[in-house]
2 protein chains.
Amino acid sequence: MSARPPQFHVTADLIALTITDGVLQVAVVQRKSDLACIDIERNGIVQEIRRDSEHHWALPGGHVNVNENDIDHAAVRELREETGIEVDVKSLVQVGTYGKLGRDPRSGRTVSVAYLAFQPKIANPNAGSDAKQAKIMSVLELLAEPNRLEFDHETMLIDAIQRVRDMVITTPIATNFCAPEFTLSELREVYEVLWHRAYDKEISHRERQKYASEIREYTSDNYFQLLSSMRVYERITHGMPQLKFELASMSNRALEEKISKIVINDARRQAPKNPAIRERLDPANFARKVVGIPNFIEEVPQSGKRSSLTGTGRPAQLYRRGSAERLDPPLRLRVKKDPPKDAR
Amino acid sequence: MSARPPQFHVTADLIALTITDGVLQVAVVQRKSDLACIDIERNGIVQEIRRDSEHHWALPGGHVNVNENDIDHAAVRELREETGIEVDVKSLVQVGTYGKLGRDPRSGRTVSVAYLAFQPKIANPNAGSDAKQAKIMSVLELLAEPNRLEFDHETMLIDAIQRVRDMVITTPIATNFCAPEFTLSELREVYEVLWHRAYDKEISHRERQKYASEIREYTSDNYFQLLSSMRVYERITHGMPQLKFELASMSNRALEEKISKIVINDARRQAPKNPAIRERLDPANFARKVVGIPNFIEEVPQSGKRSSLTGTGRPAQLYRRGSAERLDPPLRLRVKKDPPKDAR
DNA sequence: GCAAAAGTGTTGTTGTTACACCCATGT
DNA sequence: ACATGGGTGTAACAACAACACTTTTGC
């Protein structure tokens, strides 16, 4: 090795995923620069072009500080700074490191470490200091025309999804998509969404576009933003005086729950239709399989039950994550192969 | 981000694995420096101490050049320079990136990307320019007293083994441990070895030591080095004149095979005993399961058959790797749980 | 001939799927 | 009352482990 070894820039990038109503979503930001770094031909050559502020996105991330304890600390910090989302370092999963020559056309050579983060439900992301705008976006929409990801972030995202799919079989990370206490159908939704072939790595561009259009009107732009917007709350309290009275007499905790329930119901009514980009798993068999894996999940002792998200149906038992770090045996769910396509 | 982002050293480290006679082995080197960087208390604090040239080892690896196309290229180059082992970039698997502050006490801050490499049978490693010595060593022996790995290479190695175990059930990488053409028992050996609890991540230090001593006399120091040494060949040809004559009349290809057969037989006689750090899988069921996975492996058409490694028994059908990039369904092998220990 | 390994066949057991059925809740 | 989802039961089916048996080699 030479006396003065070469120096690199090291950055941490984050794939912050969440699952909402059958759609896998990811946090993206828009960098301040007027130039966007896009791999136009998808051939590995990234070049700076004039930014399309509607359709050019990047994963949140940035430089690691030399005094920072570990790279994942930088990942957490950058996600907070750029999107306002707060995650625990312990829950991060390293996806891989990307260091191809030319992956960043700007000065110096940059190596990026990509991390996965999970959010039960990502609150409205705030534009931070490092980005003009930040938002949660459906993965399918992001990967479809006319949207583009900067640098090699599309590769990172696809690798990350592949990794999640692998890990939910052998580890309990699927619970990271849920709140600390969850019902079996909430957990099942995670698998149903991830199992859908729209997220297959080797799917055709054409087909992905099709799935993207199915859910286009259903993402953060209208429905999800609306859900957490103040206007909904105002509409509720203004429009229904008797409700306002009822709320005033409730404890803070109960009030929150009540409001969130109303907001959810309202949003559901507003939603054009459920996009349902997901497989269907038999609830009964899923439940048996999941509770049969030692220490995967455990019942919440005081028999608190939660009504289902759709509002109707029998309230379900609550569970929380168990002590297992790996699923043994791994969770195998049937992959329904309607067309028994021959061996390729 | 500041105007002048911080700079890091970036290195590539390699975990080059091979499986021989029921023992998982890894390539290690001894750095030239008189000081070794050891995490003495295994608490993350690496310090420079006087080198014990018998028991202090490091994974092969080194700095990435700024003009190098990708990090894995550097990995291949470093492995060649330090051990003489040649691997294909395409066969590398990225394990992870290690960037904790203080993982390298020498000047500057270093981030290391760890890669897995596979060798069907690693030839005698040559000491390269960057290392006083390089050798292939049993993983168990390396992890047991009094041997120590430098930096955080022990963590890397254990992570790598865990990754291999995960990947052999979902991808065809197990074939990377075999020659291009292999018999089913050669493939089965890979799984039998990797399945052994000696390679469990959460095994006690005490127990690992026990397994290490079982195979101590059986590693590269005597048996494996001997196998490929010239002395064996000389002993054969000198000691048996009639054999020499027979060899002289054979084609180059047949000669090679004949010699390798003799050398293997000889080495087996020399070996104290088979260490057998492996599980036993039912050959019949294993074969059925493996050939049942679409495109995992395929028969070599011209019905070449190879006699088993032990010399006796019916010659087996040869196979080679198929076109599948993932095993679907994944390969599930029974984990015989003799002690039905309760849920932890 | 005997030992050892490759293959093929078979059987009892285990695990899984696909339903039917009852329960508890909101509208 | 009815729709909707939670949860239990179960019969038909598929997958698998275990073991017996035949084949083909080296010694």
Side-chain angles (χ1 to χ4, degrees), chain A residues 21-22 182-189 192 257-258 261-262 264-266 268-269 274 276 278-293 297 299-300 303-319 328-338 340, chain B residues 22 182-189 191-192 195 257-258 261-262 264-266 268-269 274 276 279-293 297 299-300 303-319 328-338 340:
Chain A
D21 295 298
F182 50 86
T183 66
L184 286 188
S185 28
E186 285 164 2
L187 183 63
R188 178 160 42 87
E189 188 192 23
E192 288 182 338
E257 272 185 25
K258 187 77 183 174
K261 197 171 290 183
I262 292 171
I264 287 173
N265 278 341
D266 180 82
R268 190 174 51 236
R269 257 191 303 278
N274 195 311
R278 57 157 104 169
E279 294 291 323
R280 286 288 162 189
L281 298 176
D282 184 303
N285 295 334
F286 177 84
R288 272 187 287 246
K289 209 169 279 195
V290 161
V291 300
I293 297 175
I297 56 174
E299 285 192 11
V300 176
S303 58
K305 308 216 172 195
R306 181 192 298 171
S307 56
S308 68
L309 285 174
T310 60
T312 178
R314 173 176 168 183
Q317 175 62 247
L318 285 178
Y319 289 84
D328 189 25
L331 184 61
R332 298 279 324 274
L333 304 171
R334 72 110 182 54
V335 197
K336 194 181 287 175
K337 297 181 178 176
D338 313 54
Chain B
F182 50 86
T183 66
L184 286 188
S185 28
E186 286 163 1
L187 184 62
R188 177 161 44 86
E189 187 192 24
Y191 289 94
E192 289 183 336
W195 257 225
E257 271 183 28
K258 187 74 183 175
K261 198 172 291 182
I262 292 171
I264 286 173
N265 278 341
D266 180 81
R268 189 177 50 241
R269 257 191 302 279
N274 195 311
E279 295 290 325
R280 285 289 160 188
L281 298 175
D282 184 302
N285 294 334
F286 177 84
R288 271 186 287 247
K289 208 170 281 195
V290 161
V291 300
I293 298 175
I297 55 174
E299 284 191 14
V300 175
S303 58
K305 308 215 171 194
R306 181 192 297 171
S307 57
S308 69
L309 284 174
T310 61
T312 178
R314 173 177 168 180
Q317 175 63 248
L318 285 178
Y319 290 84
D328 190 25
L331 184 61
R332 298 276 326 273
L333 304 172
R334 73 108 180 55
V335 198
K336 193 181 288 174
K337 297 181 179 176
D338 312 53

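First the proteins, then the strands, lettered A, B, ... as listed; each starts at 1.
When rounded to the nearest whole Å, the span between CD of A:Gln317 and C1' of D:dT8 equals 15 Å. Taking atom CG on B:Leu318 and atom C1' on C:dA6, their separation rounds to 13 Å, with Å as the unit. Summarising the geometry, the separation between CG on B:Leu281 and C1' on C:dA5 is reported as 15 Å, rounded to the nearest angstrom. For the pair B:Arg332 CZ and D:dA15 C1', the interatomic distance rounds to 12 Å; values are reported in whole Å. Counting to the nearest Å, the P atom of D:dG6 and the OH atom of A:Tyr319 are 11 Å from each other. A:Arg288 has its CZ atom 13 Å from the P atom of C:dA18, to the nearest Å. If you measure from atom CG of B:Asn285 to atom P of D:dA15, you get 14 Å, rounded to the nearest angstrom. Going from atom CG of B:Asp282 over to atom C1' of D:dC16 covers 11 Å, rounded to whole Å.
Side-chain contact between A:Lys289 and A:Leu331 is present, with heavy atoms from C-beta onward closer than 4.5 Å.
Counting only heavy atoms from C-beta on, A:Thr312 has its side chain closest to D:dT4 among C:dC19, D:dC19, D:dT4. Side-chain atoms of A:Arg314 lie closest to C:dC23 of the nucleotides C:dC23, D:dT25, D:dT24. Listed candidates were C:dA18, C:dA6, D:dT8. Nearest to the side chain of A:Ala284 is D:dT8.
OP1 or OP2 of D:dG6 has at least one side-chain nitrogen or oxygen of A:Ser185 nearer than 4.0 Å. At least one side-chain nitrogen or oxygen of A:Lys289 sits closer than 4.0 Å to the OP1 or OP2 atom of C:dT17.
A distance-only check finds no donor-acceptor pair linking the side chain of A:Glu192 to the backbone of A:Gly22 [under 3.5 Å]. A donor-acceptor pair under 3.5 Å is formed between the side chain of A:Thr183 and the backbone N or O of A:Glu186.
Distance check, rounded to the nearest 0.5 Å: CG of A:Leu281 to CD of A:Glu189 gives 11.5 Å.
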